[in-house]
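Numbers restart at 1 for each chain; the letters A, B, ... are given by sequence-line order, proteins then strands.
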There are 2 protein chains.
Amino acid sequence: MSPTPDFRLDDFIPYLLSVAANAVSDAVAAAYRISHDLSTPEWRLIAVLAEDGGLTPQAIGRRTRMDKVTVSRASVSLLERGFVRRAPNPVDQRSHILSLSASGLSVYHEVAPLALRVQEQILEGFSPQEIESLSRLLVRAEAAATVSDESRKATR
Amino acid sequence: MSPTPDFRLDDFIPYLLSVAANAVSDAVAAAYRISHDLSTPEWRLIAVLAEDGGLTPQAIGRRTRMDKVTVSRASVSLLERGFVRRAPNPVDQRSHILSLSASGLSVYHEVAPLALRVQEQILEGFSPQEIESLSRLLVRAEAAATVSDESRKATR
DNA sequence: CCTATTTAGTTTCATTTGAAACCAGTTTGA
DNA sequence: TCAAACTGGTTTCAAATGAAACTAAATAGG
């Protein structure tokens with residue numbers, strides 16, 4: 001009997017996930033970049049502020065799974081371009097509240113349909129049930145991998 | 001009517017994919033790293049050589065979806081550690097054939113079960129059909145995203 | 001209170017990544 | 001047959017990423 005009876009790279013979920021995520025990400029990131037020169041973190045930040053209103057950097061990080069360094073840099077860049085404003089956080093002076101400016105909101109309204117269109121294009125051959133199923137499986141996989149990994153390093 | 005009726009970050013497949021892939025990748029990469037200080041590209045290279053035998057860097061790149069720069073670096077690192085050997089490529093002097101050494105093969109036999117175990121741990125709550133379904137959906141998404149994106153840049 | 005510890009966010013630094021330039025060998029076609 | 005164009009692989013450079021150090025404010029415990 002072989003010592004590793006059943007390892008096949010092509011069936012290895014972490015590999016398939018990584019390859020699929022990269023391909024999809026490249027395609028969709030091109031849309032943000034071309035339309036408003038936004039990076040993925042910048043786009044996530046805009047999207048989450050549009051959905052949830054003003055948030056602290058910390059809350060943004062929790063919500064979008066982004067590192068605090070990534071959030072910090074994305075917000076600086078959006079601040080400089082006037083897409084985002086910051087207001088003091090009354091309950092904590094170390095922090096602040098980020099929110100979309102009018103131009104930030106209009107960027108959101110321009111880019112969101114674009115992002116959806118790229119997604120649709122990629123998922124063209126997928127039935128609604130398949131899309132639903134993919135979403136749920138991804139969320140579960142993420143949750144499972146996160147708990148399995150959080151032993152290794154402190155909570156973000 | 002709202003200008004962007006249905007964009008929700010939490011339902012955006014590229015976002016879910018990216019987050020899930022990162023979480024899973026972090027967990028599984030820790031296994032390679034701890035056991036033999038292998039990076040993900042290095043592990044992919046070992047795995048594919050174990051499965052397919054000697055290959056040129058180009059073939060490895062096609063097979064594993066890795067950039068030629070990434071393949072080059074991974075092979076240098078594995079060469080230095082004696083896990084991989086290179087032989088001249090009789091049909092093309094610019095190229096060469098990479099293959100696993102005995103110690104490279106034994107690394108494979110050690111790490112493969114480990115990788116499988118991490119995968120199992122993550123997919124613990126998944127039924128076989130769910131795993132199968134996830135695999136197929138990921139492969140299809142990757143394929144769709146790749147064609148949708150290849151217009152933008154030349155073939156690798 | 002007031003010091004010690006913790007926490008939010010930024011900055012700095014090292015690592016990873018891939019695009020572009022590069023080198024050497026191969027193919028094309030005049 | 002030999003120059004031009006092309007291709008496989010490496011090197012160099014710039015951008016992205018995140019860990020660790022840092023700063024300033026908040027909280028805990030005496």
Note to self: Is a donor from one side chain sitting under 3.5 angstrom from an acceptor on the other, for A:E142 and A:T146?
What the structure shows: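 A:E142 vs A:T146: donor-acceptor pair found between side chains.
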Next item on the list: Could you tell me the separation between the CD atom of A:E42 and the P atom of D:dA15, rounded to a whole number of Å?
Entry: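 Those two atoms, CD and P, are 14 Å apart.
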Margin query: Distance check needed: C:dA8 C1' versus A:I60 CD1, whole Å only.
Written below: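 Interatomic distance, CD1 of A:I60 to C1' of C:dA8: 13 Å.
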Next item on the list: Go through residues 82-92 of chain B and report each residue with a non-hydrogen atom lying under 4.0 Å from DNA chain C, sorted by number.
Entry: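 Nucleic-acid contacts, sorted: B:D92.
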Notebook entry, point to check: With a 4.0 Å cut-off on heavy atoms, is A:T70 in touch with a base, just the backbone sugar-phosphate, or nothing at all?
Noted result: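 Sugar-phosphate only.
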Notebook entry, point to check: Which residue lies toward the 5' end of DNA chain D, A:P41 or B:H96, if each is placed at its nearest nucleotide?
Noted result: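 With A:P41 and B:H96 compared, the 5'-side residue is B:H96.
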Side chain of [X] - closest among [options]:
X: A:Q58; options: C:dG9, D:dG18, D:dA25; answer: C:dG9
X: A:S95; options: D:dA25, D:dA19, C:dA8; answer: C:dA8
X: A:V69; options: D:dA19, C:dG25, D:dA25; answer: D:dA19

So does [X] reach the base of [N] with its side chain, donor to acceptor, closer than 3.5 Å?
X: A:K68; N: C:dG9; value: yes
X: A:R73; N: C:dG9; value: no
X: B:R94; N: D:dT7; value: yes

Next item on the list: Begin from the C-alpha positions of B:V76 and B:R86 and carry the test side-chain contact (heavy atoms from CB on, under 4.5 Å) through to its verdict.
Entry: CA-CA 10 Å; B:V76 168; B:R86 52 161 43 161; 5.8 Å; no
Check: Quick one: is B:S72 getting a side-chain N or O under 4.0 Å of the D:dT10 phosphate, OP1 or OP2?
Finding: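 Indeed, a polar side-chain atom of B:S72 lies that close.
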